[in-house]
There are 2 protein chains.
Amino acid sequence: MEIRELRYFVAVAEELHFGKAAQRLGIAQPPLSRTIVQLERRLGTALLERNSRKVTLTEAGCVLLAEGRAILSAVTAAERRTQRAAAARPSLVLAVKSGTAGELLTKLLDAYAAEPGAATVELLLCEAHQHQRLLQDGQADVALLHLPFDSAAGLDTETLYTEGQVAVLPASHPLAGRSEVRMADVTALPKLPMARWPGPGGSYPEGPGAEVRNLTQLFQLIALGRTTAVIPESAGADLRRDLAAVPVLDAPPVTTVIAWPPHSRLRAVADLIRVATRL
Amino acid sequence: MEIRELRYFVAVAEELHFGKAAQRLGIAQPPLSRTIVQLERRLGTALLERNSRKVTLTEAGCVLLAEGRAILSAVTAAERRTQRAAAARPSLVLAVKSGTAGELLTKLLDAYAAEPGAATVELLLCEAHQHQRLLQDGQADVALLHLPFDSAAGLDTETLYTEGQVAVLPASHPLAGRSEVRMADVTALPKLPMARWPGPGGSYPEGPGAEVRNLTQLFQLIALGRTTAVIPESAGADLRRDLAAVPVLDAPPVTTVIAWPPHSRLRAVADLIRVATRL
DNA sequence: CGGATCGATATCGCTCGGGTATCGCTGCAC
DNA sequence: GTGCAGCGATACCCGAGCGATATCGATCCG
C-alpha cells in the first residue's frame, strides 16, 4: 500500500464522489478510479460500493478510512518533525489551552530554561480539544492537558498534579458566601444555567447555558449574571473582583498531565518531561 | 513522502550500510542510494552522514527513523485490519499474556458472547511486553494488560480493576506462615533472590535471581527453592500445594486495563470494551 | 423517452523506478 | 607508500505505471 493510494482513497471516502475527490486532489477522475480499483485488488477487498449514482463505504472501507487518516497525519507529522529536527537551533513546541495552568506553566518554563542545553520553547496556544490533533500531525511536540476533559488517547502522559474544582459565581450571588457547595447546588440554579463548552467535534452540546470558548468569555458572562461554571481551582485562582469561587466538594478532580506522542525521540521532549515531573 | 521511500530509509537507517539494506529490500544498491538522496531533497534535510566507509544518522534522520517505524507498522496494521474487516464472519483478536487474568477473562468472554451480534473472539497468547506491538501492527484488536508492568503508550485504555500483590514462596519457607509481609522482607532474602522478568526490549535486567518468562516456569523455580517473586493477587490465586502466597502490604497496586488502538472503529471492539467495563 | 450525471474503460505519452556497468573515495595491509 | 578491497555515487538504459483525454454505459429525472 502506498501513501498516494491512501490519500486518494481517503479523499473519495470523505467526498463519496469520485469527481469531487479528483478535483480536491488536483487530478482527473479516471486515474483516481483506476487507483482505487488497484488498491482494492491489492487488499483483496471491496472498499466502496458504487453504482453510477451513489458511492458508499463498505465495512472494510470504513476501517481503512479511520486507519488511513491516522497514517496520513502521522506522515505529515514525520515530515514536520524531521525538518524541525534539522533546524540549527533546537526548538520545541508546547501546546497549551490559553489561560491554562498559569503558575505551573511559568515554573515549568523557568525550570526547563535553566537546564543545560535547553531548546527554545515555543508556546502554541490552542482551543480546547485541539491538543491531540496538534500532537498527532506534528504541529506540536508536547502538550499540557486536563483530564478528564481532554482526551489523551494515543498519547503518552505523565501526571503533574491533581486538583479540585470550584464553582465561579457572581460575587453578589447567595451561594457566593458559602465556604463549599455540591454539584447539585450549582446545577440546580434555574436562573444561572451552566455554561456550555465545545465538545471534541467543536460543536456545543444542547442546553440553556451560554456557549463559551475560553475563560475570558466565561468570566464576562458570569459577571453579567448570565451563566455559571465549575472549573479547576487553579483556573479560578485570581478572579475579577465581581466574581467569587466556591469549592465544589463532589466535583470530579482534574488532573493536569504532560502529554507527547509515544514514539517521540527528541532529547528536548525527554528533558522537558523530566523537569516537569520533578516540579 | 511515500511509503516506499520510508521503507528504504528505515532499512538503511537500521543497517547503516547501503549494500546490506539493498539486499534486505531485494533491490540493487544504486536505486536505493538515489531514493535516499531524493527523500533528503524532498525534506530539504540531510538524513545520513556518509563517506565511503561509514554511514551514520543525523539528528533529523534519528527522528525520521522513529516516526518512520511507527508509520510502517501503522500501514501493515491498516492492511491487516481492512482485510479482516472484510471477512464474512466478524472476528476479533484479543491479546493476553498466557496465564493472566484467569477468572476475569472467562467472565469477559462469556458476557461478550451473550451480546447480540457478538463477533468470534480469537485469543492471541503473547509474552510480556508484546501487547503494544501486536496492537500497533494490527495483529491484535484489543489487549488485556497490567499497569504499571506493561506500557500502554499510544493506546486507549479503560480500567477494569485494581488489586494488590502477593509474594509467592515455598510452602516450607519461614515467611510463608505470615499473614502479611513488606517489600523489604522479600527483597532482603539472600538465599531467595527475586526472579527477573524480561524488560520491554526482551532482555533481562542484571541480578542474581532466576530468569523467567511465564508463571509456570516461575512456580517451578520457586517450588525448587531457587527464587521468589511478587505477583498480582489473582495470578497467585490457585497455587500448587508446595507454594504459599502472602500479601505484600507496600507493593504497588496492579491495574488490569483493556487497551485498544486509539482510532479503532470496529463495532466489535467497542462492544467488548463496553461489556468489560460493566463487569 | 431524451438528456444529464457519474463512474468505468481505452489509449497514449512521459515520468520515474529498477537494473547493469563503472567511477571515485577511503581505509588497510604489507 | 602503494596496491587492493569495500562501499557509495553516478551514468545510462529499459519497462512499468501514472496521469491526461476521449468515450462508453448505466442510472435518475423531467
Side-chain angles (χ1 to χ4, degrees), chain A residues 1-62 64-65 68 71-72 75 79 86, chain B residues 1-62 64-65 68 71-72 75 79 86:
Chain A
M1 209 167 51
E2 283 300 317
I3 291 293
R4 189 185 56 91
E5 298 171 316
L6 217 44
R7 218 186 318 265
Y8 286 10
F9 170 73
V10 169
V12 177
E14 286 180 353
E15 301 283 348
L16 291 178
H17 188 295
F18 280 73
K20 297 220 186 84
Q23 201 171 354
R24 174 172 135 188
L25 293 165
I27 63 170
Q29 168 260 319
L32 178 56
S33 286
R34 198 177 48 195
T35 303
I36 300 294
V37 170
Q38 170 185 326
L39 178 59
E40 288 179 321
R41 239 205 308 267
R42 277 195 204 190
L43 294 172
T45 308
L47 299 170
L48 299 160
E49 301 283 354
R50 42 211 191 267
N51 55 45
S52 62
R53 306 304 296 175
K54 206 167 194 177
V55 177
T56 56
L57 281 171
T58 64
E59 194 76 15
C62 213
L64 188 62
L65 176 58
I71 291 171
L72 292 183
V75 168
E79 290 170 349
Chain B
M1 208 166 52
E2 283 301 316
I3 292 293
R4 189 185 56 92
E5 297 171 316
L6 218 44
R7 214 183 325 260
Y8 286 10
F9 170 72
V10 169
V12 177
E14 285 179 353
E15 302 283 347
L16 291 177
H17 189 296
F18 280 73
K20 299 225 186 79
Q23 202 171 353
R24 174 173 137 189
L25 293 166
I27 62 170
Q29 170 259 320
L32 178 56
S33 285
R34 198 177 47 193
T35 303
I36 300 294
V37 170
Q38 170 184 325
L39 178 59
E40 288 179 322
R41 237 205 307 269
R42 277 195 203 189
L43 294 172
T45 307
L47 299 170
L48 299 161
E49 300 284 354
R50 44 209 189 269
N51 55 46
S52 62
R53 306 303 295 176
K54 205 167 194 176
V55 177
T56 56
L57 281 171
T58 64
E59 193 75 17
C62 214
L64 188 61
L65 176 57
I71 291 171
L72 292 183
V75 168
E79 290 169 350

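Lettering follows sequence order; numbering is per chain, from 1. Because only heavy atoms are used, hydrogens play no part in the values below, and waters and symmetry mates are left out as well, while side chains stay in.
In the set D:dA9, D:dA20, C:dT9, C:dT9 carries the atom at the smallest distance from any side-chain atom of A:P30. Nearest nucleotide to the side chain of B:H17, out of D:dA20, D:dG8, C:dC6: D:dG8.
Under 4.0 angstrom from either OP1 or OP2 of D:dC18 there lies at least one side-chain N or O belonging to A:Q38. Close to D:dA5, at under 4.0 Å from its OP1 or OP2, lies no side-chain N or O of B:R53. At the phosphate of D:dA20, neither OP1 nor OP2 sits under 4.0 Å from any side-chain N or O atom of A:Q29. Within the structure, a side-chain polar atom (N or O) of A:S33 is placed less than 4.0 Å from OP1 or OP2 of C:dA8.
B:F9 approaches B:I36 most closely through the heavy-atom pair CA-CD1, 3.7 Å.
If you take CD1 of A:I36 and P of C:dA8, they are 9 Å apart, rounded to a whole angstrom. Distance CZ (A:R34) to C1' (C:dA10): 10 Å, rounded to an integer number of Å. When the C1' atom of C:dG7 is taken as reference, atom CG of A:L47 falls 16 Å away, rounded to whole Å. For the pair B:E2 CD and C:dT15 P, the interatomic distance rounds to 18 Å; values are reported in whole Å. The NZ atom of B:K54 sits 10 Å away from the P atom of C:dG27 (whole-angstrom rounding). The nearest whole Å value for the distance from the CZ atom in A:R7 to the P atom in D:dC18 is 14 Å. The interatomic distance linking B:E15 (CD) with D:dG6 (P) rounds to 18 Å, in whole Å. Taking atom CG of residue B:L32 and atom P of nucleotide D:dC7, one finds them 14 Å apart after rounding to whole Å.
Counting non-hydrogen atoms under 4.0 angstrom, B:V55 reaches the backbone sugars and phosphates but no base. Across all strands shown, B:R50 has heavy atoms under 4.0 Å from sugar-phosphate atoms exclusively, and none from any base.
Sequence order on DNA chain D of the closest nucleotides to A:I27 and A:N51 puts A:I27 first from the 5' end.
Within the 3.5 Å criterion, the main-chain N or O of B:L47 finds a donor-acceptor partner in the side chain of B:E40. Here the side chain of A:E2 pairs a donor or acceptor atom with the backbone of B:R4 at under 3.5 angstrom. Using a distance-only test at 3.5 Å, with no hydrogens or angles considered, no donor-acceptor pair links the side chain of A:T45 to the main chain of B:A86. A distance-only check finds no donor-acceptor pair linking the side chain of B:E79 to the backbone of A:R42 [under 3.5 Å].
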